K.L.:
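Right, I'll just put the structure down here and ask away after.
Since this is a predicted model, take the numbers as computed values, not measurements. We name chains A, B, ... by the order of the sequence lines, and we start the count at 1 in each one.
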There are 2 protein chains.
Amino acid sequence: MPKLDDVARAAGVSKATASRALSGAAGVSPATRAKVQHAADDLGFRASGAARRLATGLTRTIGVLTPSVDRWYFGSVLHGIAHAADAHEHDVLLYDLGAFGRGGHEKFERFMRRGEVDGLVTITWSLVGGDLSRLAELGIPVATVGEPTPHSRSFCLDDSAAGEQAAEHLVRLGHRDLLHLSSETEVQPIDASSSDRRKRAFERVSARHGLRLRPVIVTPTSLEGSHLAAREILARRDRPTGIVASTDEVALGVLLAAHHLGIRVPEELSVIGVDDVPTAAAFGLTTIRQDPAQHGEDVVAWIMSALAQHPHGQPDTEPDRSHTSYAPVLVIRSSTAPPREPRG
Amino acid sequence: MPKLDDVARAAGVSKATASRALSGAAGVSPATRAKVQHAADDLGFRASGAARRLATGLTRTIGVLTPSVDRWYFGSVLHGIAHAADAHEHDVLLYDLGAFGRGGHEKFERFMRRGEVDGLVTITWSLVGGDLSRLAELGIPVATVGEPTPHSRSFCLDDSAAGEQAAEHLVRLGHRDLLHLSSETEVQPIDASSSDRRKRAFERVSARHGLRLRPVIVTPTSLEGSHLAAREILARRDRPTGIVASTDEVALGVLLAAHHLGIRVPEELSVIGVDDVPTAAAFGLTTIRQDPAQHGEDVVAWIMSALAQHPHGQPDTEPDRSHTSYAPVLVIRSSTAPPREPRG
DNA sequence: CTGAAAGCGCTTACAG
DNA sequence: CTGAAAGCGCTTACAG
């Protein structure tokens with residue numbers, strides 16, 4: 001493995017000059033730069049990352065703390081992050097924390113002990129408030145996606161607006177008897193979870209239009225969980241005419257339950273979700289779309305700009321803790337329609 | 001940030017001794033070790049990874065090259081890798097290559113230029129043969145999951161057995177008229193893709209039992225894609241009594257198509273997939289199970305053992321290029337049953 | 001069992 | 001525009 005010294009010698013210059021030429025620093029004559037570049041290419045020179053890190057203190061790496069990688073939301077955010085990081089020639093160090101209480105905290109401690117990154121993004125639910133505030137000690141740009149939080153810069157769908165839009169869509173179609181179905185948040189979120197915010201939005205719409213008051217149902221977080229819960233709800237003769245689900249996964253469970261019970265959608269039941277997962281289209285699910293990969297790209301863009309302003313750690317000025325809220329988009333498919341005339 | 005020197009001074013020993021005490025190296029008196037440990041804890045000392053890397057040449061990082069993170073198979077493998085790497089106190093550097101032709105190759109080049117890792121796992125389809133063989137130049141343990149390949153150590157479901165088991169299950173139930181539906185592989189795989197191997201297995205079973213010969217259908221890789229294709233197939237009066245899908249995603253598309261056409265499953269149509277994705281259970285899909293997270297854990301275990309044997313790069317001996325094949329497991333649910341008596 | 005010293009491979013003031 | 005030298009913070013023979 002050739003090193004800078006070899007390149008310098010081959011080009012007939014000093015290590016200092018070789019370094020400057022290769023890094024693109026100003027103050028190197030074009031001729032010298034070309035000579036060095038040529039030598040480097042010839043030898044197949046690759047600078048040692050470790051040496052550079054030690055000398056500059058910069059890792060060119062951004063860390064990602066996530067509670068999961070094998071679910072749509074997290075995978076999509078991660079995809080966006082990886083893509084954007086790559087565009088900036090940065091690496092992605094992945095910490096798959098898993099849910100808390102299942103070893104997540106230990107992994108977090110390991111990260112704090114070991115992780116050397118220039119910037120950090122934590123995806124919702126990977127951390128609780130106490131840990132999030134410890135992140136500030138790191139002295140690097142930190143951002144959260146999936147949760148508006150006062151602890152750091154954050155990026156997230158406007159859950160309230162999403163919840164309202166979903167309910168309002170059904171109200172506009174003529175529904176007066178809706179039920180809200182959400183799934184549990186596995187980890188205690190920082191403040192209210194996105195489910196909570198969507199649920200509250202639903203309640204506001206309910207109150208605003210004087211809809212029938214029904215208890216909000218919370219199901220286990222899986223298609224199977226919402227399927228079973230929906231089956232019970234829909235089997236009652238007194239079932240609602242529409243269901244507002246907190247996520248597409250929950251909504252899909254409802255669709256499945258309706259299918260098993262022989263309830264036609266949307267003729268006899270309207271269903272709306274949030275997310276627009278890839279399978280939603282195939283199922284004709286009306287939903288509120290969000291684009292987590294975009295959030296991932298944006299969070300990296302922010303980190304890069306923060307890094308550009310303060311190459312070495314946080315300045316004395318207050319860190320940026322603003323929040324970016326994404327507007328939800330209603331996607332109408334075939335799972336929603338006006339309710340049937342009252343039965344009887 | 002305290003450094004080793006500070007710890008040494010606080011403990012009243014030399015840097016050398018402090019280093020040895022902290023690293024757990026042999027030849028340090030218990031009393032000294034305790035003293036140093038205490039000082040380190042007191043100061044909140046964290047060794048600089050960059051300095052350690054530079055001194056030892058070890059990164060304590062394993063790289064992952066994957067074509068995707070937001071799909072079940074890849075996400076699951078990644079989850080297993082992250083979990084196992086963490087248990088070994090190693091970090092995971094993620095390279096989300098995306099499909100080739102869409103910038104994947106460029107990202108690969110960047111990895112080759114920059115990625116400094118102790119071991120590497122490439123997940124199927126992220127690389128073509130030529131690139132895979134270049135990986136050998138890295139001089140680090142390399143393994144592939146999802147594809148048996150002569151280029152490196154590899155881990156993969158026994159696709160042939162999976163394909164056979166799926167078809168044999170339906171044959172045992174009495175089916176004589178089956179159709180095989182598979183989805184495209186987005187990237188040119190190293191040898192035959194897993195879809196190909198499953199398809200060929202299906203053909204062997206067909207031949208063995210003298211089943212009706214039907215053309216194999218290939219659909220775009222998405223639920224929507226298989227749904228549409230299945231709709232066309234099932235709408236024909238001459239449709240098969242059972243469908244062997246190359247993956248659960250494809251199988252789910254078939255289920256959806258059957259639902260839309262009013263074809264009852266399993267009474268009028270049997271459907272079987274491969275994977276056992278989380279949604280399969282909710283849909284009552286009979287399938288051939290595989291556990292990608294386990295593959296991820298195993299691949300890391302192998303890398304760790306390879307690293308333990310040859311801490312610094314490959315030895316002169318031939319690298320291990322053996323293959324681990326996982327036995328498929330038939331999971332019978334409610335999407336398969338004996339065919340109805342011949343219609344008419 | 002412990003220490004002084006060299007070395008890992010870069011970058012960056014400081015001079016010129 | 002270029003070079004000599006110090007320094008980043010560890011580890012590891014080599015002596016003792």
K.L.:
Under the 6.0 Å and 45° cation-pi test, does A:Arg110 pair with A:Phe108?
P.N.:
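Not satisfied by the 6.0 Å and 45° rule.
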K.L.:
Any base atoms under 4.0 Å from A:Thr32, or only sugar-phosphate, or nothing? Heavy atoms, all strands.
P.N.:
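If one applies the 4.0 Å heavy-atom cut-off, A:Thr32 turns out to touch the sugar-phosphate alone, with no base involved.
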K.L.:
Side-chain N or O of A:Ser14 versus OP1/OP2 of D:dG3: is the shortest distance under 4.0 Å?
P.N.:
yes
K.L.:
Excluding sequence neighbours, so at least two apart, what forms side chain to side chain donor-acceptor pair (under 3.5 Å) with B:Ser23?
P.N.:
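Here no residue qualifies.
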K.L.:
To the nearest Å, give me how far apart CG (A:Leu58) and C1' (D:dC8) are.
P.N.:
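A:Leu58 atom CG is separated from D:dC8 atom C1' by 13 Å.
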K.L.:
Identify which nucleotide among C:dC10, D:dT11, D:dT2 has an atom closest to any side-chain atom of B:Lys15, counting heavy atoms from C-beta outward.
P.N.:
D:dT11
K.L.:
Is there a Watson-Crick or G-U wobble partner for C:dA13 with both distances under 3.5 Å, and which nucleotide is it?
P.N.:
none
K.L.:
Using whole Å, report how far CG of B:Leu22 lies from P of D:dC10.
P.N.:
10 Å
K.L.:
Let me know the distance between CE of A:Met1 and C1' of C:dC8, rounded to the nearest Å.
P.N.:
15 Å
K.L.:
Starting from P on C:dG9, measure out to CG on A:Leu4 and report it in whole angstrom.
P.N.:
11 Å
K.L.:
Walk me through whether A:Ile62 and A:Met304 qualify under side chain to side chain contact (heavy atoms under 4.5 Å, CB included).
P.N.:
CA-CA 10 Å; A:Ile62 93 160; A:Met304 292 302 154; 4.0 Å; yes
K.L.:
Map B:Ala26 and A:Ala47 onto DNA chain C by nearest heavy atom, then report which one ends up closer to the 5' terminus.
P.N.:
B:Ala26
K.L.:
When the nearest nucleotide of DNA chain D is assigned to B:Thr17 and to A:Ala18 on a heavy-atom basis, which residue is associated with the more 5' position?
P.N.:
A:Ala18
K.L.:
CZ of B:Phe45 versus C1' of D:dC10: gap in Å, rounded?
P.N.:
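Those two atoms, CZ and C1', are 8 Å apart.
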K.L.:
Is the shortest side-chain N to carboxylate O distance from B:Arg153 to B:Asp320 below 4.0 Å?
P.N.:
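Here B:Arg153 pairs with B:Asp320 in a salt bridge, since their nearest N and O are under 4.0 Å apart.
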K.L.:
Does atom CZ of B:Arg60 have more than 12 heavy-atom neighbours from other groups under 6.0 Å away?
P.N.:
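No, because the 6.0 Å sphere around CZ of B:Arg60 holds 12 heavy atoms or fewer from other groups.
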K.L.:
If we call it a pair only when both distances are under 3.5 Å in a Watson-Crick or G-U wobble match, what pairs with D:dA4?
P.N.:
none
K.L.:
Does a salt bridge link A:Glu109 with A:Arg134, judged by any charged N lying under 4.0 Å from a carboxylate O?
P.N.:
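Result for this pair is yes, salt bridge flagged.
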K.L.:
From the options A:Leu65, A:Val69, A:Val77, select the one residue that forms a side chain to side chain contact (heavy atoms under 4.5 Å, CB included) with A:Ile123.
P.N.:
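Result for side chain to side chain contact (heavy atoms under 4.5 Å, CB included) with A:Ile123: A:Val77.
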K.L.:
Hey, can you tell me if A:Tyr95 and A:Phe111 have their rings parallel, tilted or perpendicular (30° and 60° cut-offs)?
P.N.:
perpendicular
K.L.:
Measure CG/A:Asp6 against P/C:dG9 and give the value in whole Å, please.
P.N.:
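For the pair A:Asp6 CG and C:dG9 P, the rounded distance is 9 Å.
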K.L.:
Can you tell me how far C1' in C:dG16 sits from the matching atom in C:dT12, rounded to whole Å?
P.N.:
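Comparing C1' positions in C:dG16 and C:dT12 gives a spacing of 16 Å.
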K.L.:
In whole angstrom, what separates A:Glu116's CD from D:dC10's C1'?
P.N.:
11 Å
K.L.:
The side chain of B:Thr56 lies closest to which of these nucleotides: D:dG3, D:dT12, D:dT2?
P.N.:
D:dT12
K.L.:
Closest approach to the side chain of A:Leu54, judged atom by atom: which nucleotide of D:dC10, C:dG9, C:dT11 is it?
P.N.:
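My answer, after comparing the listed nucleotides, is C:dG9.
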K.L.:
The side chain of A:Ser19 lies closest to which of these nucleotides: D:dG3, D:dC1, C:dT12?
P.N.:
C:dT12
K.L.:
Kindly give the atom pairs (protein nitrogen or oxygen, nucleotide nitrogen or oxygen) under 3.5 Å for nucleotides 13-16 of chain D.
P.N.:
residue, atom, partner, partner atom, Å
D:dA13, N6, B:Arg20, NH1, 3.3

K.L.:
Mind calculating the distance between CZ (A:Arg52) and P (D:dC8) to the nearest angstrom?
P.N.:
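Nearest whole value for this atom pair: 19 Å.
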